[in-house]
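To start, the structure itself, in structure tokens.
The first residue of the sequence shown is numbered 1, and numbering continues consecutively from there. All values reported here derive from a predicted model rather than from experimental measurement. The analysis underlying the following values was restricted to heavy atoms, covering all of them including side chains, and did not include hydrogens, waters or symmetry mates.
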Amino acid sequence: MDGFLDETRGGVTELRVHGVSGTPPAGTLDHPHPRLVAGDGTTGFYRRWWAGGPPSGPHADVPGVRRREAYAWGNLTSGGRAIALWLLLLPFSLANLSYFMLPRPARGVRLRHVTEAAQRLFGLLLTGTLVGAVTRAAVDLVGWQCTAAGRACTYDTAPWWVRWLGELWGDEPSRRLAVTALVPLLVVVLLWGLARRTWLRDERAAPPATGAHGTTPPGAGAGGAAAPGADAAPPEAGARGPALLARSRMWHGAAPVWRLRVVHVAFSIASIAAAVAAPFAGTATGLALTVADAGVMLAAAVLATLPGIARRLDPHTGQRTPGWLTAACHVLRVAAPLAFLATIGAALAGMPARTDGTRAWWLPGIGIGAFQYAVTVGLGAFTLVTTFVLARMERPRERRALGGLAAWVVLMVAAGSANVMALGLLFWTAGFFGVPAGPSAPGPVGGKLFLDEPVWWTAGLVPLLLAGLVLVAVALWLIARAQARRLAPELKPYYLERDDARVVARTWALAGLTDRAGLVLGVLTGIGVAGSAAASAGYWLGLFTPDGGPAGLLATAGSWAMVAVVVALVAVGRRTYSDTRLRRTVGILWDICTFWPRAVHPLSPPCYTERVVPELMARVGVLAPTDRDQVVLSGHSQGSVLVAALVPQLGDVLRARVRLLTHGSPLRRLYAPFFPAYFGDAGLSAVRERVSWCNLYRLSDPIGGPVFRRVDPLAGGERDAVDRFCWDPARPGPGEPLPETRWHSGYWLEPSYDTALAGLVSVKPAA
């Protein structure tokens with residue numbers, strides 16, 4: 001190759017790990033010509049290529065002495081076009097996040113295990129909510145109602161691809177249901193295919209086999225390179241921080257994710273079959289099929305609550321999952337398709353429906369959805385109580401998001417977002433094929449497609465949530481404004497121009513709103529829960545119906561709002577499929593959500609850390625084979641979280657050759673309060689004790705902040721062993737304009753970055 005590319009190992013390596021949005025290697029290296037030296041197009045290690053030959057200067061690559069390298073992992077979350085479909089899986093990702101937010105007091109192990117089982121069952125019901133919405137839209141609204149003789153889908157104005165069902169089988173509902181059931185089945189197959197593909201790519205990659213002293217058996221790690229790390233025995237049940245992050249099994253989810261995926265897919269397939277069979281339960285065949293389908297759903301729900309279903313085992317100790325549990329999953333994965341095929345076969349053969357005593361439009365068996373909703377509400381109440389008890393048992397000294405109830409709040413947000421998507425789909429389907437109507441709608445049936453009262457009640461909550469969001473936005477604006485007024489006089493000595501202090505104060509105050517994230521989530525969740533309780537009480541007590549007056553107005557407005565949400569998601573997803581820049585922007589959401597493994601929901605977007613951590617472990621071992629070598633792990637934003645999680649995985653010998661340089665880090669600001677069991681005071685202090693660490697932060701940064709304490713002039717200006725403050729915008733000289741604010745980016749361009757990097761390097765290899 002013409003030009004110069006340093007491909008040597010040893011010496012000092014500055015290994016840069018980017019943050020969210022998939023920063024390209026050229027940006028991470030601050031060099032226009034990056035070249036791949038290890039890895040592949042999905043994740044890889046890059047170095048600078050110099051067209052004019054070996055460079056000179058203090059920052060140039062010198063073979064065997066020093067070099068700059070970048071690790072690019074952004075394609076795991078924003079590189080593939082499948083990310084367009086991930087937008088619909090947000091509730092599943094939030095369910096996984098809630099698992100890792102759960103308090104872990106040493107005295108509450110059994111209660112925590114019960115709560116985790118409830119979270120897994122809640123995750124299963126989230127799958128049921130979204131798959132059930134597709135099932136109801138296709139099987140109920142189209143198959144049972146719209147294509148019946150004389151209904152909306154039999155009119156000449158109806159689309160031909162549904163009109164034929166009414167023309168052919170207008171008086172034979174079982175055949176219509178059998179055909180329309182293929183739509184939700186296709187959705188489940190698509191979810192299964194996406195989850196399996198990412199599982200094969202990421203979660204089956206085992207961490208390198210290592211020993212406690214940093215020795216690696218031959219052939220371990222990427223490319224057979226030595227990748228020392230900690231093969232620690234599983235810590236005690238109340239373990240926290242570094243003990244949890246040091247577990248090799250944490251980033252190895254091959255077996256548990258497979259088992260959970262079997263459970264969720266089987267539950268979904270059986271629920272579709274139950275919707276087809278239940279209307280004909282008045283016959284012997286229909287009853288047998290309904291019982292069989294319900295039996296598969298029940299078996300899946302029971303398996304989801306068992307502790308062993310999601311238990312991760314160290315891939316290097318030879319531990320195995322109980323054989324009966326694996327066998328049960330295999331039986332379930334066979335039973336669900338068989339029950340579905342038997343149901344569809346019987347329906348296509350023709351089964352008489354008994355609708356005596358019911359309205360002609362009402363799909364018998366729809367009460368299964370109401371039962372599932374009741375179970376979801378019960379689980380939500382149960383997890384609220386148990387999470388509260390666990391939080392009180394912990395008695396933390398450090399700040400906890402939402403008083404330790406973040407796990408429950410995020411779980412409720414997951415349920416709320418799932419219901420908005422589900423009901424939005426129902427209203428859109430009813431509006432596309434006919435006219436959405438409530439059970440008490442007057443006049444002839446005609447083109448009306450009926451949705452039951454709980455659906456309309458839930459729709460009525462959406463305007464209340466939007467109003468709450470507006471109020472929260474106004475409150476945040478007032479808070480930022482008051483904070484800016486307070487900061488401006490304090491900044492005047494540092495920014496001498498008349499308006500500069502006020503501009504910087506507004507910038508810093510706006511960035512500080514991130515610390516109110518818990519407040520926003522808490523207020524919106526409170527509105528949603530209170531509204532749901534009021535709507536449920538009104539429905540069960542029969543106080544009034546949502547078909548007139550203020551309640552009817554709210555329900556109608558909410559139905560349109562939810563349809564708008566679904567249409568917007570589809571539009572963004574369609575554009576994301578073809579727009580690389582938008583994929584990168586949407587990928588920011590998944591950079592944050594999918595750091596954690598799929599511990600509760602196996603159909604969510606994949607955990608990139610299960611691939612990133614093993615690859616970084618192996619690469620550090622390659623770059624620092626002797627005590628004369630050092631690797632400075634430079635992590636920006638989410639990259640700082642990755643390198644902090646990597647340190648406990650390294651063995652003692654290799655860890656001594658590693659230094660940590662973080663910038664724009666959300667460790668203290670977001671991860672410590674929301675995930676205290678992993679990144680609380682104990683976890684972060686343990687990382688500081690194990691490696692030399694420097695953290696750069698700005699008060700203009702809405703994401704990053706100090707890891708341990710503020711050391712900026714407004715906080716006293718005391719020096720700290722880890723945290724170092726950076727002025728942003730930089731203070732201008734006399735008569736100079738105020739420099740541009742860098743916010744969360746460009747830390748590699750800070751003068752203090754080079755100073756911190758030089759201070760961390762303790763070895764002096766020969767030039």
Side-chain angles (χ1 to χ4, degrees), residues 88-99 102 114-137 184 187-188 191-192 195 257 259-275 278 293-306 309-310 332 336 365-387 407-426 452 454-455 458 525 528-529 532-533 536 598-604:
L88 303 176
L89 306 182
L90 179 61
F92 302 164
S93 288
L94 294 176
N96 280 323
L97 282 182
S98 73
Y99 173 87
L102 198 65
V114 173
T115 307
E116 291 170 351
Q119 286 179 312
R120 289 194 296 274
L121 185 56
F122 198 97
L124 185 67
L125 294 178
L126 286 179
T127 302
T129 297
L130 292 182
V131 174
V134 180
T135 302
R136 192 164 177 189
V187 171
V188 173
L191 290 175
W192 170 84
V257 173
R259 292 192 295 267
L260 283 172
R261 189 172 72 243
V262 169
V263 168
H264 281 247
V265 171
F267 182 88
S268 301
I269 292 176
S271 68
I272 300 170
D293 297 328
V296 173
M297 295 175 65
L298 179 61
V302 171
L303 283 177
T305 62
L306 299 180
I309 199 72
L332 193 64
I366 204 171
I368 294 175
F371 174 77
Q372 181 173 304
Y373 175 78
V375 173
T376 302
V377 171
L379 283 173
F382 176 78
T383 54
L384 172 61
V385 173
T386 56
T387 304
W408 178 79
V409 169
V410 171
L411 203 63
M412 294 302 101
V413 174
S417 58
N419 277 286
V420 167
M421 293 181 188
L423 299 186
L425 175 63
L426 292 180
D452 52 320
V455 172
T458 307
T525 301
V529 171
S532 296
S536 298
R598 295 192 269 202
V600 169
H601 207 294
L603 303 181
S604 66

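Here the straight-line distance linking atom CH2 of W408 with atom CD of Q119 works out to 13.0 Å at 0.5 Å rounding. To the nearest 0.5 Å, the span separating CZ on R120 from CG on L379 amounts to 12.0 Å. In this structure, OG1 on T115 lies 13.5 Å from CZ on F122, to the nearest 0.5 angstrom. To the nearest 0.5 angstrom, L303 atom CG is 10.5 Å from R259 atom CZ. Distance check: L130 CG to N419 CG gives 8.5 Å after rounding to the nearest 0.5 Å. Rounding to the nearest 0.5 Å places CZ of R261 at 8.0 Å from CG of L603.
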Listing, residues 409-416 side-chain donor-acceptor contacts under 3.5 Å, not counting sequence neighbours, or none:
none

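Between S268 and T127, the shortest heavy-atom contact is OG-CG2, 3.2 Å. Nearest heavy atom pair, residue F267 against residue G128, reads CE2-CA, 4.0 Å. Listed here is the closest heavy atom pair of V296 and A266: CG1-O, 4.0 Å. Closest non-hydrogen pair, L124 versus A301, comes out as CD2-CA, 3.6 Å. Taking every heavy atom of both residues into account, A599 and L260 meet most closely at O-CD1, 3.6 Å. Closest non-hydrogen pair, M421 versus P91, comes out as CE-CD, 3.9 Å.
Residues S98 and V600 fail the side-chain proximity criterion, which asks for heavy atoms closer than 4.5 Å.
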Practice task
For L94 and S417, run side-chain contact (heavy atoms from CB on, under 4.5 Å): C-alpha distance rounded to whole Å, both residues' side-chain angles, the deciding distance at 0.1 Å, then the answer.
Solution key: CA-CA 10 Å; L94 294 176; S417 58; 4.1 Å; yes

Exercise for the section: Verify side-chain contact (heavy atoms from CB on, under 4.5 Å) between V114 and F382, making sure each step is shown before the conclusion. Expected result: CA-CA 10 Å; V114 173; F382 176 78; 3.5 Å; yes

Practice task
Using the side-chain contact (heavy atoms from CB on, under 4.5 Å) rule, take V188 and I272 through it: C-alpha gap first, then chi angles, then the decisive distance, then the call.
Solution key: CA-CA 10 Å; V188 173; I272 300 170; 3.9 Å; yes

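Under the rule for a side chain to side chain donor-acceptor pair (under 3.5 Å), the partners of D293 that lie at least two apart in sequence or sit in another chain are T343. Looking at residues two or more places apart in sequence or on another chain, you find a side chain to side chain donor-acceptor pair (under 3.5 Å) between S604 and N96. Residues passing the side-chain contact (heavy atoms from CB on, under 4.5 Å) test with V187 are V134, L191, sequence neighbours excluded. Residues meeting the side chain to side chain donor-acceptor pair (under 3.5 Å) test with T387, sequence neighbours left out: none. Taking the ring-ring contact (aromatic ring centres under 6.0 Å, His included) definition, one finds that F92 meets it with H601, sequence neighbours left out.
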